[in-house]
Amino acid sequence: MALLHFFFASMKQAQWFSHTLRGWFLKNGRTLPWRNNPTPYQVWVSEIMLQQTQVVTVIPYYERWIQVFPDVKSLAGAAIEDVLKLWAGLGYYRRARYLHEGAKVIVEQYCGEFPHEIRELRKIPGIGAYTAGAIASFAFKQDVPAIDGNAERVLSRFFGILGDIRGTERRVLESIASEVASFGHCSDVNQAIMDLGASLCGKSAQCAQCPLADKCYAFEHQMTESLPAPKVRIEKTDEFRVALRLISPFGKTLLAKRSKDALLGGLWEFPMVTLSRGRGKEHRDNALDLLRESRDARWRAWCHEKNLCLKEWHNTEKYISHTFTHIQMRVDLDEGLCNNEPAILPNGDYEDFRWVEYDEIGTKYPISTLMKKIMRMSVLGES
DNA sequence: CATGCGTGGGC
DNA sequence: TGCCCAAGCAT
């Protein structure tokens, strides 16, 4: 019933919406590095980078990326380490891995040419419903919808979709998006929806300047604040870790490579151990006790297991707090000198260990923002 | 299908 | 400052 209601109510509106919004876009659309008659590769790279990430953040990363990897073939032939280095700092590192894998798939299975069909695009790692629609409409000029967070917000407000657009009302949203798409010029219209969502129809709407306000459901009913229905947020887990800056007799620093499917997968860091993980004040208090009492013992055991012979040792009293989507992390830093430089086998969180020059960290070895913060705490010399 | 996965910017 | 978010996808 709900679907039928929205379908009939929105049919007339959809054409006006498409036409009016496109008119606004042709005058007011943003100029962006990936918008000048883009190749499918350029659309792909930009769309993956833009997932959950702001345009201003993406621009410099995109420019650098296109310089180094101008096409699918150059990306497919690259080393994953170099791919991650270009991505370092952007977050959600699995996206970089999927881009790399996807490039190989396109070269090996599609003769280096992007498939045009949505169904085929969806088979490429990291390309989901939205990105497939974006590539098909922006690069191949197909009249298909591309529903991202902006489209969810703009469409749910304009057409008055009151329920959960990620749940029960998903079909309604998709049906309306298809209706809008059916009037053509989807490359423009889809980008118009995003630009409107990024400017006038953001979290707080500026309806006075909006070309769609005349027929907008949310504007008419003063519901822009409450649409779309907000996502449920999960409480963050608190995590307490200790990192070790360990220096060998030859002045090398021990670096560990995180397992590729883990948090910050594939990036390098001072080795860390997790002391505790949980939620609530009681847990946090216990964790701080644990930190005081068993921090050194944990490290001694860790070093012993790795045949590392510790010489000097010191707790820096310094720590950083770092927030991830689902984790509130505190990392304390310990620093020490050891008498040997053993080869260390992969284990647990880490798939590789290496003794490196301090100034290679971040240039030769890709690191996260968390690791940058930890390095700033280090008081030992820089070599 | 609910959950895991980063970061920098805005208020 | 602390909280909320911003062009999703895979499992």
Side-chain angles (χ1 to χ4, degrees), chain A residues 29-30 32-35 38 42-62 84 87-99 101-102 121-139 145-155 164-168 170 177 187 189-199 201-204 225 228 230-239 258-267 269 277 320-329 331 366-373:
Chain A
R30 294 171 292 183
L32 297 170
W34 46 85
R35 274 192 178 173
Q42 291 170 328
V43 175
W44 180 44
V45 171
S46 64
E47 290 302 337
I48 300 296
M49 286 186 171
L50 285 160
Q51 286 172 10
Q52 308 291 286
T53 309
Q54 309 258 14
V55 167
V56 285
T57 306
V58 165
I59 289 175
Y61 281 90
Y62 175 82
L84 283 172
W87 197 272
L90 252 193
Y92 288 137
Y93 295 92
R94 198 168 294 167
R95 294 182 295 173
R97 205 170 282 281
Y98 286 141
L99 271 179
E101 288 172 17
L121 286 167
R122 289 292 307 269
K123 293 180 183 170
I124 295 163
I127 297 187
Y130 163 72
T131 305
I135 295 173
S137 62
F138 302 159
I147 307 173
D148 67 336
N150 285 310
E152 289 177 0
R153 194 167 54 253
V154 171
L155 295 176
D164 179 9
I165 49 174
R166 296 162 204 89
T168 56
R170 189 71 199 178
S187 177
V189 174
N190 288 344
Q191 291 180 77
I193 293 173
M194 284 172 218
D195 278 19
L196 192 81
S199 55
C201 200
K203 189 177 169 237
S204 67
E225 291 294 323
K231 303 179 190 178
V232 276
R233 296 216 163 258
I234 338 159
E235 191 193 351
K236 288 186 189 349
T237 299
D238 292 302
E239 194 167 316
R258 299 187 56 80
S259 299
K260 65 170 183 286
D261 291 325
L263 179 72
L264 306 175
L267 302 191
E269 64 191 19
R277 204 182 142 78
I320 53 97
S321 295
H322 192 77
T323 308
F324 295 93
T325 308
H326 54 302
I327 301 170
Q328 179 62 54
M329 190 180 291
V331 183
I367 60 172
S368 65
T369 298
L370 170 65
M371 175 59 176
K372 281 186 187 162
K373 286 161 91 172

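Heavy-atom basis, side chains included; hydrogens, waters and symmetry copies ignored.
Taking the nucleotide of DNA chain C with the nearest heavy atom to each of A/Arg122 and A/Glu47, the more 5' of the two is matched to A/Glu47.
Between the CD atom of A/Gln328 and the P atom of C/dC3 there is a distance of 9 Å, given to the nearest Å. One interatomic measurement links the two molecules: CD1 of A/Ile135 to P of C/dG8, which rounds to 14 Å at whole-angstrom precision. Between A/Tyr130 atom OH and C/dA6 atom P the separation is 15 Å, expressed in whole Å. Counting to the nearest Å, the P atom of C/dA6 and the CZ atom of A/Arg166 are 11 Å from each other. The interatomic distance linking A/Glu101 (CD) with C/dC9 (C1') rounds to 13 Å, in whole Å. A/Ile165 has its CD1 atom 12 Å from the P atom of C/dG8, to the nearest Å. Residue A/Tyr98 contributes atom OH, which lies 11 Å from atom C1' of C/dG8 at whole-angstrom precision. Between A/Lys231 atom NZ and C/dC9 atom P there is a gap of 12 Å when expressed in whole angstrom units.
Here A/Arg97 pairs with nothing under the salt bridge (Lys or Arg N to Asp or Glu O under 4.0 Å) rule; sequence neighbours left out. Applying the ring pair (Phe, Tyr, Trp, His ring centres under 6.0 Å) test to A/Tyr61 and every residue at least two apart in sequence or in another chain returns nothing. Taking the side-chain hydrogen bond (donor to acceptor under 3.5 Å, both in side chains) definition, one finds that A/Ser187 meets it with A/Lys141, A/Gln191, sequence neighbours left out. Annotation: side chain to side chain contact (heavy atoms under 4.5 Å, CB included) contacts of A/Ala88 (sequence neighbours excluded): none. Listed by chain and residue number, A/His322 satisfy the ring pair (Phe, Tyr, Trp, His ring centres under 6.0 Å) test with A/Phe324 (two or more places apart in sequence, or in another chain).
The residue A/Trp87 sits apart from the nucleic acid: no heavy atom pair falls under 4.0 Å. Residue contacts for A/Leu32: at a heavy-atom cut-off of 4.0 Å it reaches a base atom on one of the strands shown. Residue-level contact check: A/Ala151 touches neither bases nor backbone, having no heavy atom under 4.0 Å from any strand.
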- Query: In the 5'-to-3' direction, what one-character label does each nucleotide of nucleotides 2-9 of chain B receive under the scheme B = base within less than 4.0 Å of a protein heavy atom, S = sugar-phosphate only, - = no such atom?
  - Reply: --SBBBB-
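Taking the P atoms as reference points, B/dG8 lies 23 Å from C/dC9, given to the whole Å. B/dC5 and C/dA6 have their P atoms separated by 22 Å, with the value rounded to a whole Å.
Heavy-atom minimum distance, A/Leu90 versus A/Arg95: O-NH2, 3.3 Å.
Heavy atoms from other residues, nucleotides or ligands lying under 6.0 Å from NZ of A/Lys260 number 12 at most.
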